[in-house]
Amino acid sequence: MIHECTSGKVWHKQDDTFFIPKAIFNIYFKSPLINRNAKNMVLAEIFALLLDFDLKDVAYAADVAELSYCITVCQTGIIMNFCGFSDKLQMLFQKVIEHMNTFEVKETQFNMVKEQATRAYYNRIIKPEKLVR
């Protein structure tokens with residue numbers, strides 16, 4: 001660990017085996033509002049799906065450059081994972097944060113993502129192993 005404070009921790013480990021300049025960067029946006037009720041959790045998941053949908057062009061370019069990102073929602077916040085060559089990872093992070101702050105949702109996009117989320121929730125509920133318990 002190279003830095004620790006109340007808002008986060010920073011670790012560094014050099015790749016001594018293959019000397020590949022790759023990095024992994026995780027950022028965790030904590031919010032007690034997400035787990036306050038089911039509606040907030042669903043809204044956070046729809047936000048993450050809409051953001052991911054809006055970032056498709058960025059994701060393709062990042063994939064070509066051997067970079068990747070993942071946006072997930074958990075009970076205590078939103079987690080963003082970034083992985084790839086360390087010299088370009090900062091650019092991907094900046095693009096994702098810019099999109100997060102400025103993207104606008106069209107009604108057609110919202111309806112598509114809402115339907116997708118509804119199907120995913122329905123499929124999770126009807127799993128046989130969930131019904132047997």
* What do you reckon, is CD of E4 surrounded by more than 12 foreign heavy atoms closer than 6.0 Å? ->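 More than 12 within 6.0 Å, yes.
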* To do: Assess whether atom NZ of K22 is packed by more than 12 heavy atoms of other residues, nucleotides or ligands within 6.0 Å.
  =>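 Above 12, so yes.
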All N/O donor-acceptor pairs, side-chain side in residues 92-100, below 3.5 Å, sequence neighbours left out:
residue, atom, partner, partner atom, Å
H99, ND1, K95, O, 3.2

* To do: Check side-chain contact (heavy atoms from CB on, under 4.5 Å) between K88 and all other residues, then give those that pass, not counting sequence neighbours.
  =>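 Checked K88 against side-chain contact (heavy atoms from CB on, under 4.5 Å); matches are L67, M91.
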* To do: Only counting residues at least two apart or in another chain, list the ones meeting side-chain contact (heavy atoms from CB on, under 4.5 Å) with N81.
  =>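 N81 satisfies side-chain contact (heavy atoms from CB on, under 4.5 Å) with N26, C70, I79 only.
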* **Spacing of E104 atom CD and Q109 atom CD [to the nearest 0.5 Å]** =>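 Those atoms lie 10.0 Å apart.
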* Connected hydrophobic set around I24, excluding itself, where side chains approach under 4.5 Å ->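 Under the 4.5 Å side-chain rule, I24 groups with nothing.
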* To do: Quick one: list whatever passes side-chain hydrogen bond (donor to acceptor under 3.5 Å, both in side chains) with E115, sequence neighbours left out.
  =>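 Scan of E115 (side-chain hydrogen bond (donor to acceptor under 3.5 Å, both in side chains), adjacent residues dropped) gives R119.
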Listed pairs under 3.5 Å, donor-acceptor, residues 33-62 side chains, sequence neighbours left out:
residue, atom, partner, partner atom, Å
N37, OD1, K39, N, 3.3
N37, OD1, N40, N, 2.8
N40, ND2, L33, O, 2.7
E45, OE1, Y121, OH, 2.3
D52, OD1, Y69, OH, 3.1

